[in-house]
*Asks:* 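Submitted below is the structure of interest, expressed as structure tokens.
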Amino acid sequence: MKFTAQQIASFINGEVIGNPAAEVYTFAKIEEGTPGALSFLANPKYADYIYTTQSSVVLVNRDFQANGEINATLIKVDNAYESLAKLMSMYEASKPKKQGVSSLASISPTAKVGENCYIAPFAVIGDGCEVGDGCYIHEGVSVGDGAKVGNNCILYANVTIYHDCRVGNNCILHSGCVIGADGFGFAPTADGYEKIPQMGITILEDNVEIGANTCVDRATMGATVVHKGVKLDNLVQIAHNDEIGSHTVMAAQAAVAGSTKIGEWCVMGGQAGISGHCTIGDRTMVGPQCGTIGSRKGGEQLLGSPAIEAKEYMKISAYMRRLPDLDKKVRELTKEIEALKKNNK
């Protein structure tokens, strides 16, 4: 399917600079552009590529000023990255969608499956399950007994939703993620560790996206809750009885220990670790490999392990780089002091 620059500009409220009839039918990074491709420029680090790219159309921010000749047609918008996301969503929605239930799928007679769904071969939907309208359930997905999946969800291959868990509307669960496995609960005894039954569930609210091989454990009692709009990357661990606030995002390998409450609009970098039984306030930014111990008030930018304010961490890092020189100076001063002591005897 092809679109002209003018059609694209009309959809995203942009201004065409160049040929409004330029056509595109695919997307490409600006440094790898080809004729017929749509690219974007948002990061100044890639600005030089706009003068050499072979892409037919490039989205740029409205304040972009060219310093040379550009062959591509430009579309100026308020935010090039957001406009690209909107266009890619439109393009994805325009693709033909599969429908129907495979004869190789296993669906309990007591399960309810909504209209316009696609159920792939070898998917399993258990007793008493409910699957909403417009869902895409791919190969090898397991929806446990009593679980509920809302409308317009996508469950990619080998997703596992344990019994009685809840998934809201418009959720995307990527391959291999596990929703509702047992929390890590064991009581030490003289003979070892006795398993504590995990009697709760996991709840994902609307518009949640869970990355590949990410685990959101069920609660010991009550529910582990991931609120609306949360985005979790691949290989993230959410432990039992956690509560993740709306629109919080976590990069790969981040982990939250049990019974912790994360606020709204928080950002967790890759391999960040959050200790258990604490509260992290709204709009906290936790840097990569950062480890928090205890609760945080919110609105902070944290780095290091244990976590401290980012500005303080940068000062400490600067001091650490100077430690070899300081050590050398201390040694020299120590020798001078010892020499003065000998001379004064």
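From a predicted model like this one, the values you see are computed outputs, not experimental measurements. Throughout, numbering of the chain's residues begins at 1 and tracks the sequence.
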*Asks:* Any side-chain donor-acceptor pair under 3.5 Å between Thr220 and Gln198?
*Replies:*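 There is such a pair between these side chains.
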*Asks:* With a 3.5 Å distance limit and no angle check, can you tell me whether Asn61 reaches the backbone of Asp63 through a side-chain donor-acceptor pair?
*Replies:* no
*Asks:* By the definition side-chain contact (heavy atoms from CB on, under 4.5 Å), identify the one residue from Val230, Val256, Asp233, Thr214 that meets it with Met250.
*Replies:* Val256
*Asks:* In this structure, would Tyr193 and Phe184 fall into the same cluster of hydrophobic residues linked by side-chain contacts under 4.5 Å?
*Replies:* yes
*Asks:* Would you check if Tyr49 and Lys29 make a side-chain contact, meaning some heavy-atom pair closer than 4.5 Å?
*Replies:* no
*Asks:* If you measure only the distance, is there a donor-acceptor pair under 3.5 Å linking the side chains of Asn71 and Gln54?
*Replies:*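 Note: Asn71 and Gln54 side chains miss the donor-acceptor criterion.
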*Asks:* What do the steps show when you test Tyr91 against Phe27 for ring-ring contact (aromatic ring centres under 6.0 Å, His included), and what is the final call?
*Replies:* CA-CA 10 Å; Tyr91 181 77; Phe27 296 90; 5.6 Å; yes
*Asks:* For Glu205 and His227, which I'm curious about, is there any donor-acceptor pair between the side chains at under 3.5 Å?
*Replies:* yes
*Asks:* State, with a plain yes or no, whether a side-chain heavy atom of Thr284 is found less than 4.5 Å away from one of Thr292.
*Replies:*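 No; the side chains remain at least 4.5 Å from each other.
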*Asks:* Is there a side-chain contact between Leu74 and Phe64, using heavy atoms and a 4.5 Å cut-off?
*Replies:*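 Of all side-chain heavy-atom pairs linking Phe64 with Leu74, at least one is under 4.5 Å.
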*Asks:* Apply side-chain contact (heavy atoms from CB on, under 4.5 Å) to the pair Asp242 and Ile274, showing each step before the final yes or no.
*Replies:* CA-CA 11 Å; Asp242 285 342; Ile274 311 298; over 6 Å; no
*Asks:* Any side-chain donor paired with an acceptor under 3.5 Å for Ser108 and Asp127?
*Replies:*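 Looking only at side-chain atoms, Asp127 and Ser108 do form a donor-acceptor pair, the distance falling under 3.5 Å.
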